[in-house]
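Structure, as structure tokens:
It should be emphasised that the depicted structure is a prediction, and the values quoted were computed from it without experimental measurement. Just so it is clear, the values below take in all heavy atoms, side chains as well, and ignore hydrogens, waters and symmetry mates.
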Amino acid sequence: MAKDFKKGMLKRTLIFAVVIAFLFGIDGARVLYLQFAQGNELSAKAESQQLSDTEVSAMRGTIYDSEGNVLAQSATVWNIFIDPSNINTEEKRELVVENLAKFLKLSNKEKKELYKNSKKDTKYVVVAKKVENDIKEKISAFSAKNKLGNVIGTEQTTRRYYPYESFASSVIGFTGGDNQGLSGLEAYYDEELTGTNGRIITVKDAKSNRLPTDYETSIDAVDGNSLVLTLNQTIQYYLEKGLRTTMKEYKAKGAYGIVMNCNTGAVLAMSSMPDYDCNDPYKITYSKTKKELKKITNKKEKTQTQSEAVQNQWRNFTVSDTYVPGSVFKTFMSCAALEENVVNLNTHYTCTGSIQVQDYTMHCHYHPGHGTQNLTQGLENSCNPFFITIGQRLGVHNYFKYFDGFGFTQKTGIDLPGEAMSQYYREEQYGIVELSSASFGQTNSLTPIQVCTGLCAIANGGMLVKPYIVSEIKDANGNTVKKTEKTEVRRVISEDTSEKVRKMMKAVVDEGTGKNGYVAGYRVGGKTGTSTKLGESGEGERNKYIVSFAAIAPSDKPEIAMLIIMDEPNEDLGGGALCAPIAAQVTEQAMQVLGIEPQYDKDETKNLSIKTPSVIGSSVGSAKNSLNDKNLKCKVVGSGKTVLSQSPSGGAAIPSGGLVVLYTEKGKREKVKVPDFTGLTISEANASAADRNLNIEISGNNLSSTSVVAYSQSTEKGTKVDAGTVIKVSFKNTNSVLD
């Protein structure tokens, strides 16, 4: 019996031991499996529960203009979040929701959404993104006061700011919500501008609350590189001002302009209108577009049209679109013909108003015909038949050699996104008709940046240079990472040909279709152009024009080349009337910025302003004599014997023969309203100013004083100013041709 009992116990013990060993084996195998098969995964899960890993956004690099003005900049902002798992009472929930709604100025709908989110079974809900620092500080102070540090949290991030809003918007571009560049330089140089984000790693307790900073590890963010542009703020401002004003006045579809340093290829100004506010790129800015949208009643059509309008204002036409250059192209034809010796400056042609080319009659813009003219006069008059015969003398092969040489068969390689490819006939596709049409600027479509780069070659002595807009890239510490150097692509024409064509272009401004490009003291060369827009079928669309004006200055030693384009103006006015005045205003400012002193001829010297003598403290009689010696008139206000104040003040510029108002009693000041000079001739404007005891300084085209009219003034009509004030009035001739 005892023996059987012992045997049974031994058996049971053995079974128990086997079971225990089996269970330990399973556990051991499980441990090994977890350690080796799932070790990395479980370790990561453990870390995620024990560690808080917060990304710290790097600052995006700053964009500067050529003088160091900030055009785009990033600043620290904050994301606000809550931890619903730590909201354990309804009283606390109400406190959090009510105050966050107040600080963040939430709508009732947003407030209800916040209340709903505060009940979620989660530890992280973003309440607001990219909140300014002052609001974040108020929220942090409220959180600390009410001991809500485990409920309300803040995360550092960045936001992009554009201090000048729409300034150079088509060039600079904008960023998206994630700070990624979406357009312009922001997109093209996104990799350079984007920095490397940092991290803050903090230990969490069992309830997933962050422990004190003693347990914190941080990796600093590395800010992105900055861009220094070639754009000059002053030149850009006047280019945009001129384009915007003319586009609105003539209700044009668009207005575009480029100003380049013709010797280096640096872009000094570039604009495509309508533009947009880089801080709010989805908002439509052009009043004409807004009115057109208001008329659309179909919701689907309106949404589509609005989307197209937004995309259009983002588009940089000067780089991303092509157009038919029209008669501006005659400058390149002149270069090719002179270089190949098929014409010279004494070559003559008699224009009858048209020319027969096979079965086609090709007309001159001046239907009666220009009569007999030499080459310079042919360019002055923008005579189509003359240049058709030049093209035929040149021949297809030589024509295409220079078409290619000036860079019209390749992209320029400018450092901006979306550069378009020109649309042109290949050499083997030309017949006599195609060559004849191309010779006066039709047939082929080029980008404005190609045309302006070609103009630089004419201006600088014949060298094609690569255009660029970023002069320097700097790191976060201000060290230069990369500097753009001038790139010479190839020589296109000789210096001799360059000089001849520059003189011909100066004659266009002095005597021909480009008189509105005149700037006193600076020798401006130019060329007007008009082209019929091509429809989808490739055929010309009647009454839809692009007009333009190309300019170089000073023509004897050029520093800048410029192209101004007006797209579909509402009046049949050419580039001479619409674009040349803009070029003149920009040229005047550019010359001052570049430190180029004016050189006046005898006629210009007669019309120069002089410095107003200071006669304060002098007797009235003595003051009158001093002003009379300077060929200035005067008006005395008051009965005193001594001059106490004057207008204009001493040292201020005043036109020769102008009026100075003298005051002989304290407190006396004669105020007058500035009239509207728009549309007046020079003599009418002078008379209107004299009637109000004002002075006018004449700017712009005064080459033919009987046919020019005022189109802008430095002080708005209706403004009250001191009698004697000098108002700058700009004049132009609106009787231009569609050449």
Side-chain angles (χ1 to χ4, degrees), residues 52 54-64 69-84 95-115 117-118 124-169 172-184 186 190 193-200 202 210 213 218 220-224 226 276-283 285 476:
S52 170
T54 305
E55 190 172 67
V56 178
S57 299
M59 286 287 188
R60 192 172 175 85
T62 302
I63 300 177
Y64 302 94
N69 299 301
V70 174
L71 303 181
Q73 187 175 44
S74 290
T76 298
V77 288
W78 303 87
N79 292 338
I80 311 297
F81 66 89
I82 59 172
D83 181 351
L95 181 68
V96 170
V97 172
E98 287 294 330
N99 282 277
L100 284 181
K102 179 182 73 174
F103 290 131
L104 298 171
K105 297 181 180 179
L106 302 181
S107 64
N108 288 332
K109 184 179 179 181
E110 291 168 330
K111 184 178 175 182
K112 288 177 182 177
E113 186 68 22
L114 173 58
Y115 183 84
N117 287 337
S118 71
Y124 180 81
V125 175
V126 175
V127 177
K129 290 184 176 181
K130 300 193 175 183
V131 171
E132 300 292 344
N133 192 62
D134 59 336
I135 298 173
K136 176 259 183 187
E137 289 297 326
K138 290 177 183 177
I139 292 173
S140 295
F142 161 76
S143 176
K145 181 180 178 182
N146 293 278
K147 298 180 180 178
L148 295 170
N150 63 345
V151 175
I152 302 173
T154 60
E155 295 173 333
Q156 181 178 319
T157 185
T158 63
R159 182 176 180 176
R160 200 67 163 162
Y161 292 92
Y162 301 91
Y164 297 100
E165 300 175 342
S166 63
F167 185 82
S169 58
I172 296 169
F174 59 93
T175 59
D178 58 356
N179 279 325
Q180 181 183 9
L182 298 180
S183 177
E186 293 277 29
D190 187 58
L193 290 163
T194 303
T196 303
N197 290 343
R199 315 194 80 80
I200 298 176
T202 306
R210 296 183 183 185
T213 54
S218 63
D220 292 338
V222 179
D223 293 341
S226 294
Y276 60 92
D277 183 347
C278 297
N279 298 296
D280 190 8
Y282 292 89
K283 181 180 179 181
T285 58

Would you say the side-chain atoms of K130 pair up with the backbone N or O of G177, donor to acceptor, closer than 3.5 Å?
-> yes
Taking all non-hydrogen atoms of both residues into account, name the closest pair between E155 and Y124 and its distance.
-> OE1-OH, 2.9 Å
Smallest separation among heavy atoms of D190 and T194, with atom names | O-OG1, 2.7 Å
Start with the C-alpha gap between L71 and Y64, add the side-chain angles, then the distance that decides, and say whether side chain to side chain contact (heavy atoms under 4.5 Å, CB included) holds.
-> CA-CA 5 Å; L71 303 181; Y64 302 94; 6.0 Å; no
Under 3.5 Å, which donor-acceptor pairs do the side chains of residues 95-102 form with other protein atoms, sequence neighbours left out?
residue: E98; atom: OE1; partner: K111; partner atom: NZ; Å: 3.0
residue: E98; atom: OE2; partner: K111; partner atom: NZ; Å: 2.9
residue: N99; atom: ND2; partner: L95; partner atom: O; Å: 2.9

Out of curiosity, S226 OG to M59 CE, how far, rounded to the nearest 0.5 Å?
-> 11.5 Å
Check: Q180 main-chain N/O paired with D178 side-chain donor or acceptor under 3.5 Å = yes
Between R160 and T175: side-chain donor-acceptor atoms closer than 3.5 Å = no
Sub-4.5 Å side-chain heavy-atom contact between N69 and Y164 | yes
Can you tell me which residue pairs pass the salt bridge (charged side-chain N to carboxylate O under 4.0 Å, His left out) test with a partner in residues 137-147, sequence neighbours excluded?
-> none
Closest approach of Y276 and S169, non-hydrogen atoms and distance?
-> OH-O, 2.9 Å
Do you know which two heavy atoms are closest between G173 and C278, and how far apart they sit?
-> O-SG, 3.4 Å
The reported gap from CZ in R60 to CG in L193 (rounded to nearest 0.5 angstrom) is 4.5 Å
Working to the nearest 0.5 Å, report the span between CZ of F167 and CD1 of I172.
-> 7.0 Å
With Y161, which residues qualify under side chain to side chain contact (heavy atoms under 4.5 Å, CB included), at least two apart?
-> A75, V77, E132, R159
Taking D83 for its side chain and V151 for its backbone only, find out whether a donor-acceptor pair lies under 3.5 Å.
-> no
For the residue pair I63 and E186, establish whether any side-chain heavy-atom pair is separated by less than 4.5 Å.
-> yes
Nearest 0.5 Å please: distance from the OG atom of S166 over to the CG atom of N279.
-> 10.0 Å
Interatomic distance, T157 atom OG1 to N179 atom CG [nearest 0.5 angstrom] = 6.0 Å
pair T76-N133: side-chain heavy atoms closer than 4.5 Å | no
Does the ring center of Y162 lie less than 6.0 Å from the ring center of F174?
-> no
Does the side chain of T154 come under 3.5 Å of the side chain of N79 through a donor N or O and an acceptor N or O?
-> no
Side-chain donor/acceptor of N117 to backbone N/O of V127, under 3.5 Å | no
Where A72 and P163 come nearest, the two heavy atoms and their spacing | N-CD, 4.3 Å
CD1 of I152 to CZ of F103, rounded to nearest 0.5 Å, is 8.5 Å
Of all the heavy-atom pairs spanning I82 and P84, show the shortest one and how long it is.
-> O-CD, 3.4 Å
